[in-house]
Structure formats: C-alpha cells, structure tokens
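None of the values given here were measured: they were computed from a predicted structure.
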Amino acid sequence: MTRAVGEIAVAGGASQIVDFQLNSGILFEGRVTNQAQLPVTGVDVAILDPQGNRVATARSKNGQFQVVLPPGTYKLLAVDPQHRYAVNF
C-alpha cells in the first residue's frame, strides 16, 4: 500500500523530492470471464472498502487481474468500460 502524499505544486525549472513509504500487502489475483467461460480483456475490477469507497482498481488482461492490498475486507466490482457486459458485483 502506498501512503498518499497529497498534491505537490512544482514551479517551472524547479525540482521537488518526494518520499514514499511502502507497506507489505497481499496479492489478490482473479479471472474475468464471459458466460462461455472465455477470458475477457479490458474489464476494470474496482476494489471497494466496506463503506463503498474505491481503494484500488485493476484492469483485466487475457481475463487475468491482480492487485496488492493491505489485509482487510473488500468488495469487488467488475465494470466494462467498453459497455459490452453489465456491471457485476
């Protein structure tokens, strides 16, 4: 998980050092398939916390997706930005 730094404004010709602290997480992997069980590419899998806030998004490639998250409880939402398939929880 990445700790958010917030917005940083940098003037032209200037430079800014930004430090990040990364924490260990758990790799979530999954598949996105159609009704024929064939893999679907280009579907966004939104990861929501229990309150419904989006905490991460992964895009399927050849039906596979993966995302690293801290331990916790999540809801997953599959959305097809190309409008080929209905939204799926």
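The CZ atom of F28 sits 8.5 Å away from atom CD1 of I47, with the distance rounded to the nearest 0.5 Å.
Annotation: side chain to side chain contact (heavy atoms under 4.5 Å, CB included) contacts of R54 (sequence neighbours excluded): A46, L48, T57. For D80, the side chain to side chain contact (heavy atoms under 4.5 Å, CB included) criterion is met by V43, Q82, R84, Y85, not counting sequence neighbours. Under the side chain to side chain contact (heavy atoms under 4.5 Å, CB included) criterion, L38 pairs with N34, A36, not counting sequence neighbours. Residues passing the side-chain hydrogen bond (donor to acceptor under 3.5 Å, both in side chains) test with R31, sequence neighbours excluded: none.
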Name every donor-acceptor pair, under 3.5 Å, that has one atom in a side chain of residues 62-74 and the other anywhere in the protein, sequence neighbours excluded.
residue : atom : partner : partner atom : Å
Q66     : NE2  : E29     : OE2          : 3.0
Y74     : OH   : P70     : O            : 2.7

#### Entry: Residue pair V32, V45: steps toward the side chain to side chain contact (heavy atoms under 4.5 Å, CB included) verdict
CA-CA 9 Å; V32 179; V45 178; 4.0 Å; yes
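Identified under the salt bridge (charged side-chain N to carboxylate O under 4.0 Å, His left out) test for residues 63-73, with sequence neighbours left out: none. For residues 39-50, the side-chain hydrogen bond (donor to acceptor under 3.5 Å, both in side chains) pairs, not counting sequence neighbours, are D44-R59, D49-N53.
The two residues G42 and P81 have their closest heavy-atom pair at O-CD, 3.2 Å.
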